[in-house]
Amino acid sequence: MAVEASDGPVTFKKSSASKSNQLHSEMKNSDSYDDGQSNRKTSDVPASNGQSSSSLNGKASAIESSVDISKESNLKTYTKSSPSANSKFPSLGNKNESLLEKKIPKCDDFEDEEDNTPLSDIRMKMNNDNDKKATPNALKKSYEDSDDDDIPLSARLPHNTNLGESSSNYDDSDKQETASKLSVKRPLDEIGSLHSSGKKPKLSDPGSSINAKQISVRSDAKVEEEDDDDIPISRKKNKVVKLMDKSSSSKKLTNVAKVNKGAAPSFKKKEKLKKSGNESEHSQSTKLQLSSGDGQKKWTTLVHNGIIFPPPYKPHGVKILYKGKPVTLTPEQEEVATLFAVMRDTEYMEKEIFKDNFWNDWRELLGENHVIQNLKDCDFTPIYDWCQIEKDKKKQMSLEEKKALREEKMKQEEKYMWAIVDGVKEKVGNFRAEPPGLFRGRGVHPKMGKVKRRIRPNDVVINIGKDAPIPECPIPGESWAEITHDDTVTWLAKWRDPIKPNKLKMVSLAASSSWKGQSDKEKYEKARMLKSYIGNIRAAYTKGFTSKDITKQQIAVATYFIDKLALRAGNEKDDEEADTVGCCTLKVENVTAEGHNKLKFDFLGKDSIKYENTVEVEPPVYKAILKFQKDKQPGDDLFDKLDTSKLNAHLKELMPNLTAKVFRTFNASFTLDDMLNKETKDGVVAEKTAVYQHANKQVAIICNHQRSVSKNHSTQISKLNEKIDELQAVLKELKIDLDRARKEKPPLKRSSDGKNKRNLNPEAIGKKIAQISAKIEKMQRDIHTKEDLKTVALGTSKINYLDPRITVSWCKRHEVPIEKIYTKTLLEKFAWAMDVDPDFRI
DNA sequence: CTGGAGACTTGGGACAATGCTG
DNA sequence: CAGCATTGTCCCAAGTCTCCAG
């Protein structure tokens, strides 16, 4: 059911020459684009993090105020920052700067442009399962540059899955209606409070008496030297808050948090700040720098406690049977046997490679002359049963016991959970060494079943500040492999993966940390930047489709696929891994020409997830593919002149720092932004979140984020259906009662049990009917979405691809509490995005 | 220019916590 | 208020991309 390709996706109106300037202004426009809403800005939207602008004192406040100053004087900040912006990244620095100017011209801008946009270009082509509702009126293109350029092609070309899409035309009407709404304050505020109060309890960190000292020293220094310029604000903010927590001001902070939670009095202040200063977001993104550039210093002081190891193996003494006879094993042998035993009812047991690999490794442990000579004659049932019993025991434990156990664990781990980076306490991501296990690769993995041996301190390299105390090795008598003080990297510890010795496992900070937040933000800024380059990029590759130079031609087609289908780059892989492909590694047989310019893609991508999609492509692309396939055998590379480094090198010529993966981010975030703005209607929160979910789903489909259907999916569906039937019967009866009640007759006896019902008045019955109808409707919706989403995983895109600022600003505009969209951890992860301006657009 | 090492992001599924309902 | 479904987190595998030596 491939959909016809949106006609000439690449109709470029603008000469590609004048490029970047233009692009910039376009981008600016897009920022403020939200017609007629500018006044909104003045009114509301607190600086989100209840933290940032609230009570301040002491040193912390000094830092904070420097932040605020930059907020207030946008212009100053901008001029200051743009020249200093990383030269590799020319436009990012000032991208937002003209917010003030921009506002005005923009309307005309796009009105002009819309005229010369061919409708055919605008048309969004996705056939839709069920919601064709999008209103196709005002065929107005809402984006600054009316060329289709900004529409990710993938948005126009759906997968041929049953999950269609909606909306036909670019339609401004939604925007207008949204414009009338004022943004919400409450939810954001809650976040703020959530944060400040959330972190507080943990501060009593044990393992850092030294640390405390360092922190305060550091914070003093900060106040004086910190020149705002080399530290992203997002990060600074964190600092402020956290430092405050530590200091005496923490009490005050908590109070504020509390207040915030209630009504929202603390807003007053923020609003004022906003008014005079305006858009903290902008000053913030002005600061953006590419700190990820390597070889660069990432920290000055780094303190942490290393990592924790799983407890040593406790032998259980249960014997396996070999040819029916019990065999005694050494603890080491038994441990591995147990790892195998517990896999009994997984599908791995049917895989020969798995068993072979396991046997090879286990046999080595058993030794040449062991009684056990093959796996076939081994019966692991006794161990399996023993494990089941242990599991049950655990389950049976009382609540208190479980709690005690958990607390015990917490106590042991607490000190590993935190690191102090440049005086700021940050959560550590994975501070636990991976326990031994059997390697479970995905897909057909040549190494599945191999024994992943235990990691010991001796495998682990610790990276830590020069002046920081070296973490004590948690296993007595052993020691770390090495201590380094490398301030150009962000990992705290690393070791070699025993399964793939040339792969490293690294311990770094959690997703909520400022390091991660910072690079996350950079990632999205890059995607935004692509928005203004995409027109030229598309023009360039369209030209390349017919290039005589075969390498150039392949680059063009590959880029087209990456843009249009959001394919991954596709690095080379060796034979020791599952056989999967990405764009550059597509094999001849992965793409089939089906006539009428339709190409069928069928391959295993990352994690051996199947990608199946049939799309209509540009005729020259179709021809090119036929040409690339000519004289090749299945198994040969489709793009034989290409690899990811060549591709990325080429992309970098088109836009600074552009790489293949940016297209996925761009596609995803753009689609979200676009759909949210087109489809959000007035209504209750649940309806709006459904719109969000729908957009989220489209993105997941574009990115091919799948999940396996839960095993009881069908049971659950039929259960719901049953319930609906029941309710419908009740409804029917109620309607009869209503009729009778109106005629002042008593209700009939209840059909189910024949008992009398209460004699209710018509209003009451009417109310009941409404209630039940609503319930039925809800259940029907539930069934629908469940069915709809049974194979689609929404989480991945939410976590990795959707610019949280789009989400947050949408929530603000539509009074949707952010908690409806983000879980607690995601709120933490996206803390850097919470004070975005409600007008933010990608 | 190439291949491998290293650093960091993205991915699905297992499992634990939480929520809901009879 | 137990028992189960749902949701949220953790785990660790599998990608991308950069850098550097030869």
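Here is how names work: the chains are called A, B, and so on, in the same order as the sequence lines, proteins then strands, and each is numbered from 1. Note that these values count all heavy atoms, side chains included, but never hydrogens, waters or copies made by symmetry.
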Give [X] one of three labels, base, sugar-phosphate or nothing, depending on what nucleic acid heavy atoms sit under 4.0 Å from its own.
{"X": "Gly441(A)", "result": "sugar-phosphate"}
{"X": "Thr580(A)", "result": "sugar-phosphate"}
{"X": "Arg442(A)", "result": "base"}

Between Leu504(A) and Asp520(A), who's closer to the 5' end of DNA chain B by nearest nucleotide? Leu504(A)
Lys523(A) vs Asp486(A), nearer the 5' end of DNA chain B by closest nucleotide: Asp486(A)
Per nearest nucleotide of DNA chain C, the residue lying toward the 5' end, Lys452(A) or Leu658(A), is Lys452(A)
Which residue lies more 5' along DNA chain C, comparing His445(A) with Lys652(A) via nearest heavy atoms: His445(A)
Can you find an N or O donor on one side and an acceptor on the other, under 3.5 Å apart, linking the side chain of Lys606(A) with the base of dT10(B)? yes
For the residue pair Tyr416(A) and His304(A), is the inter-centroid distance of their aromatic rings smaller than 6.0 Å? no
Distances for protein N/O vs nucleotides 3-7 of chain C N/O pairs under 3.5 angstrom?
from, atom 1, to, atom 2, distance (Å)
dA5(C), OP1, Lys719(A), NZ, 3.2
dT6(C), OP1, Lys786(A), NZ, 2.5
dT6(C), OP2, Gln716(A), OE1, 2.7
dT6(C), OP2, Gln716(A), NE2, 2.8

Distance, rounded to the nearest Å, where Lys526(A) contributes NZ and dT18(C) contributes C1': 11 Å
Rounding to an integer number of Å, can you tell me how far Ile799(A) CD1 sits from dG8(C) C1'? 10 Å
Check this one for me: any side-chain N or O of Asn502(A) less than 4.0 Å away from OP1 or OP2 of dA5(B)? yes
Could Glu414(A) and Lys411(A) be called an ion pair, given the rule that one side-chain N must be under 4.0 Å from one carboxylate O? no
For the pair Asp602(A) and Lys610(A), find out whether any cationic side-chain nitrogen is under 4.0 Å from an anionic carboxylate oxygen. yes
Report the residues that fulfil ring-ring contact (aromatic ring centres under 6.0 Å, His included) with Tyr348(A), sequence neighbours left out, ordered by chain and then residue number. Phe354(A)
Reported CE-to-CD1 distance for the pair Met448(A) and Ile353(A), which is rounded to 0.5 angstrom: 5.0 Å
What's the separation between atom CG in Leu802(A) and atom CG in Leu672(A), rounded to the nearest 0.5 Å? 5.0 Å
